[in-house]
Amino acid sequence: MLHDMYKTIETAIKETTGVPDALLTDGGEHADLATTIAFALAKQKKQAPVMIAQDLAVELSRLPALTGITVEAKGPYINFIFGNAYVSEAIKEAVKPGYGNLPGKPTRVVLEHTSANPNGPLHVGHIRNSIIGDTLARAFRKAGYPLEVQYYVNDMGRQIAIVAWGFDNLDSKQLENEKEDAHIARIYIAANQEIQKDESITQQVNTLMQLIENGDPATVKKFRREVSRCLDGFKVTMKNLNVAHDRFVWESDFIRNGNTERIINKLKRLPQARDEETLALDLSESGFENKYVLRRSDGTSVYAARDLAFHAWKGANFDRVIDVLGADHKLIGAQLQCTMKLMGEKVPEIVHFEFVSLPEGSMSTRAGKFVSADDLITEIRKRAFDEVTARRPELDEETRRSIAQSVGLAAIRYDIVKVSPEKSTVFDWKEALDFERQSGPYIQYSHARACSILGKAGTFSECFDLETKQEIALAKKIAQFPMAIDNVVSELRPHILAIYARELADTFNCFYHDEPVLKSEGKVRDRRLTLVKAAQNTLKESLETLGIDAIRTM
RNA sequence: GGGCCUGUGGCUUAGCCUGGACAUAGCGCCGGGCUUCUAACCCGGAUGCCGGGGGUUCAAAUCCCCCCAGGCCCGCCA
């Protein structure tokens, strides 16, 4: 809708003036859309921008294509204000189930996210990856793309060897009520402490790594067992965060199925290959200083080689390959992209996000310095339950627990997704546990209020002829939703949706505060209820795309 | 030392790619609003050399250069 209007007006400006760029932008508080084209034409026409704007506005307003759009010059700006037809059409769409679904596309997309090393529980840094990834996944599906979400299991790294050593050599019994991933972390941390004390352990770990690379059955079994247990823990955490993967892809499979060897043979033939003691690529002509090592001198593969095999496999099976990775992967991500291009393989798109740290410094699983996602979830549910109990003492405990769970989820997911990924953040308990401010629960509350109004309204006949300023403002905000979804997938920036949902809630809150709905009568009541229904539906779709429960009462 | 990212009122933050109309919102602060559709809400007020300095432009938070501060990275680790 909004997109159509943009195109129509853009074409009209281009055809009328002959310029290649209509310089059309959001009109903010002045208009729905506006152009600064008069500035650009000033030099060429040797006329003041104000004069040009005035003449052009008159000319544009006469065009049949722009019927129903108010065109007016305000100084050097030309403003476009959409009429009632636009508003009515938008609300007609917005009351339908699935509002915001974009037309289906043939492009098959594979999206990888989270992929944390299975050596300890997911912490508040990892879940930034999960939440950005999962929100993108939901937006892609809403935008009509067939999508598969994958988790890449790094099951043959040094840290897994350290875990395996710990289980063999330390007191490694699982404690009562200890979650699998927390158990693994405890052993991993203890093993690292032992390594600090006794350097000879490193040799034993190296031996384990050689055994796993050679496919020694007992070692493979041992590694698989602990990695699987850790993943079981991750799955519980992710379920609690409403995050889902379609497939877990194991790194070691790319050794076993020969893909890594095949990719190494292909890489050897590149002019950039340096097959000396090690096999490495010289990517200096692409601006990378260090050599990109693929095979060690002992003949075993390096992570990079397996990663290339993994990405080649993804590229062969999907049309678009997208990875969500932390800022620490920027360099290796760029090297991966560069190498894929040199090989003529599909180049993955990478979404990077900056680090989450603690007030006392960086997080470290090895040092046991982290806030686990499980602890955050437990704490936030407790807080949410107290809050619900204080606000709604009349509800039974089960209902309050259920609301608290949804509110807690909303608080966590929104708190993380609302920030632009390129900003590094410091985890703050006080902010994470806040349900007011610009929070997920705030948006849920707007939705619940809308549901409450609709519940009390009974039946009404839909009416799309809006009138007051507040009605129109809300309708126009609702109309922006499909474009917000489109922007998220085209820019790969899920925080756009978070900001949109909050603004929609703001607009709806102001609307129902200022305009009586249930107490109005006749057509006014009908059209306001229709608008509430459209707002409720749009809030619901927004929340669900953010992976947040659109609860009907709270 | 080199590369990438960030720097917007006391705190958090949008806008920056695609330059234009008084820089977005929240928290906190000050002052209002619950016998009226759930106050997880709404309304009003104070608070900004948009890190600093140059440049490009009719016009710069936005583009270019330099500097400063913080984060991340520069392994035959993953």
Side-chain angles (χ1 to χ4, degrees), chain A residues 21 23-31 34-36 38-40 42-43 49 74-77 79 117 119 154 156-160 209 251 277-280 287-291 293-304 306-307 326-332 334 352-355 357 362 384 387-388 390-392 407 410-411 418-426 428 430-431 434-446 448-457 491 495-496 498-499 502-503 505-506 509-510 512-520 528-529 532 553-554:
Chain A
D21 184 353
L23 298 173
L24 200 56
T25 57
D26 182 72
E29 62 204 277
H30 307 279
T35 176
T36 56
F39 289 109
K43 216 173 242 170
K74 270 260 172 66
Y77 304 92
N79 292 333
N117 287 330
N119 57 349
N154 303 119
M156 47 188 310
R158 169 162 228 97
Q159 63 291 95
I160 306 309
M209 286 181 73
E251 183 180 8
E277 224 177 308
T278 62
L279 174 68
F288 297 101
E289 290 171 11
N290 57 336
K291 56 179 187 173
V293 177
L294 305 163
R295 199 192 55 209
R296 298 186 184 95
S297 51
D298 66 2
T300 59
S301 66
V302 179
Y303 170 82
R306 292 169 238 137
D307 206 24
D328 54 338
H329 285 67
K330 274 186 187 176
L331 178 60
I332 54 169
H352 286 290
F353 65 93
E354 291 289 329
F355 264 46
S357 59
S362 315
E387 201 69 33
V388 177
R391 291 168 194 278
R392 303 293 300 276
V407 165
K418 73 178 176 187
V419 183
S420 313
E422 64 271 15
K423 298 235 187 195
S424 49
T425 63
V426 177
D428 180 354
K430 206 176 140 214
E431 239 167 80
D434 204 319
F435 306 137
E436 293 172 15
R437 320 179 171 199
Q438 307 183 329
S439 72
Y442 166 83
I443 303 164
Q444 285 179 308
Y445 181 72
S446 274
R449 289 294 301 267
C451 290
S452 169
I453 293 171
L454 292 170
K456 285 180 177 157
E491 296 181 33
H495 85 286
I496 291 171
I499 303 298
R502 195 198 73 214
E503 287 174 354
D506 287 342
N509 288 352
C510 293
Y512 78 66
H513 191 268
D514 293 351
E515 310 270 28
V517 178
L518 295 176
K519 282 188 182 137
S520 53
R528 287 189 183 161
L529 280 167
V532 172
T553 185
M554 61 190 285

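Chain letters run A, B, ... following the sequence lines, proteins first and then strands; every chain starts at 1.
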(Q) With rounding to the closest Å, how many angstrom separate the P atoms on C16(B) and A21(B)? (A) 13 Å

Q. G70(B) and C27(B): how far apart are their C1' atoms, nearest whole angstrom?
A. 23 Å

Q | Residues forming a side chain to side chain donor-acceptor pair (under 3.5 Å) with R437(A), sequence neighbours excluded | A | D434(A)

Q) Does G44(B) have a Watson-Crick or wobble mate here (both distances under 3.5 Å), and if so which one? A) C30(B)

Q) Which value, in whole Å, describes the distance between the P atoms of nucleotides G10(B) and A46(B)? A) 16 Å

Q: State the pairing partner of C4(B); accept Watson-Crick or G-U wobble contacts with both distances under 3.5 Å, and report none otherwise.
A: G71(B)

Q.
With a 4.0 Å cutoff (strictly under), does any side-chain N or O of Y442(A) reach OP1 or OP2 of U38(B)?
A. no

Q. At under 4.0 Å between heavy atoms, what does A42(A) touch on the DNA or RNA strands: base, sugar-phosphate, or nothing?
A. nothing

Q | C1' spacing across the pair C41(B) / C22(B), given as an integer number of angstrom | A | 28 Å

Q: Could you give the distance separating G48(B) and U36(B) at their C1' atoms, to the nearest angstrom?
A: 39 Å

Q. If the sugar-phosphate is the primed atoms plus P, OP1 and OP2 and the base is the rest, what is the B/S/- string for nucleotides 72-78 of chain B, using protein heavy atoms under 4.0 Å?
A. SSS-BSB

Q.
Generate the contact string for nucleotides 10-15 of chain B. Rules: B means base contact, S means sugar-phosphate contact only, - means no protein heavy atom under 4.0 Å.
A. --S-SS

Q) What is the nucleic acid contact for A448(A), judged by heavy atoms within less than 4.0 Å: base, sugar-phosphate only, or nothing? A) base

Q) Mind checking what makes side chain to side chain donor-acceptor pair (under 3.5 Å) contact with S301(A), not counting sequence neighbours? A) E213(A), R306(A)

Q: Using the test salt bridge (Lys or Arg N to Asp or Glu O under 4.0 Å), find all partners of R295(A) that sit at least two apart in sequence or belong to another chain.
A: D275(A)

Q. Taking the P atom of each, how far is G19(B) from C58(B), in whole Å?
A. 15 Å

Q: Identify the nucleotide, in any strand shown, that forms a Watson-Crick or G-U wobble pair with A60(B), with both distances under 3.5 Å; if there is none, say none.
A: none

Q) Mind checking what makes side chain to side chain donor-acceptor pair (under 3.5 Å) contact with Y445(A), not counting sequence neighbours? A) R449(A)

Q.
So, OP1 or OP2 of C58(B): does either fall under 4.0 Å of a side-chain N or O from K43(A)?
A. yes

Q. Taking the same atom, C1', in C66(B) and in U47(B), what whole-Å distance lies between them?
A. 32 Å

(Q) Please report the distance separating the P of C65(B) from the corresponding atom of G44(B), rounded so that it comes out in whole Å. (A) 42 Å

Q: Using a 4.0 Å heavy-atom cut-off across all strands, classify V532(A) as base, sugar-phosphate, or nothing.
A: nothing

Q) Quick one: which of U36(B), U38(B), C41(B) gets closest to the side chain of K519(A)? A) U36(B)

(Q) Any carboxylate oxygen within less than 4.0 angstrom of a Lys/Arg side-chain nitrogen, looking at E387(A) and R392(A)? (A) no

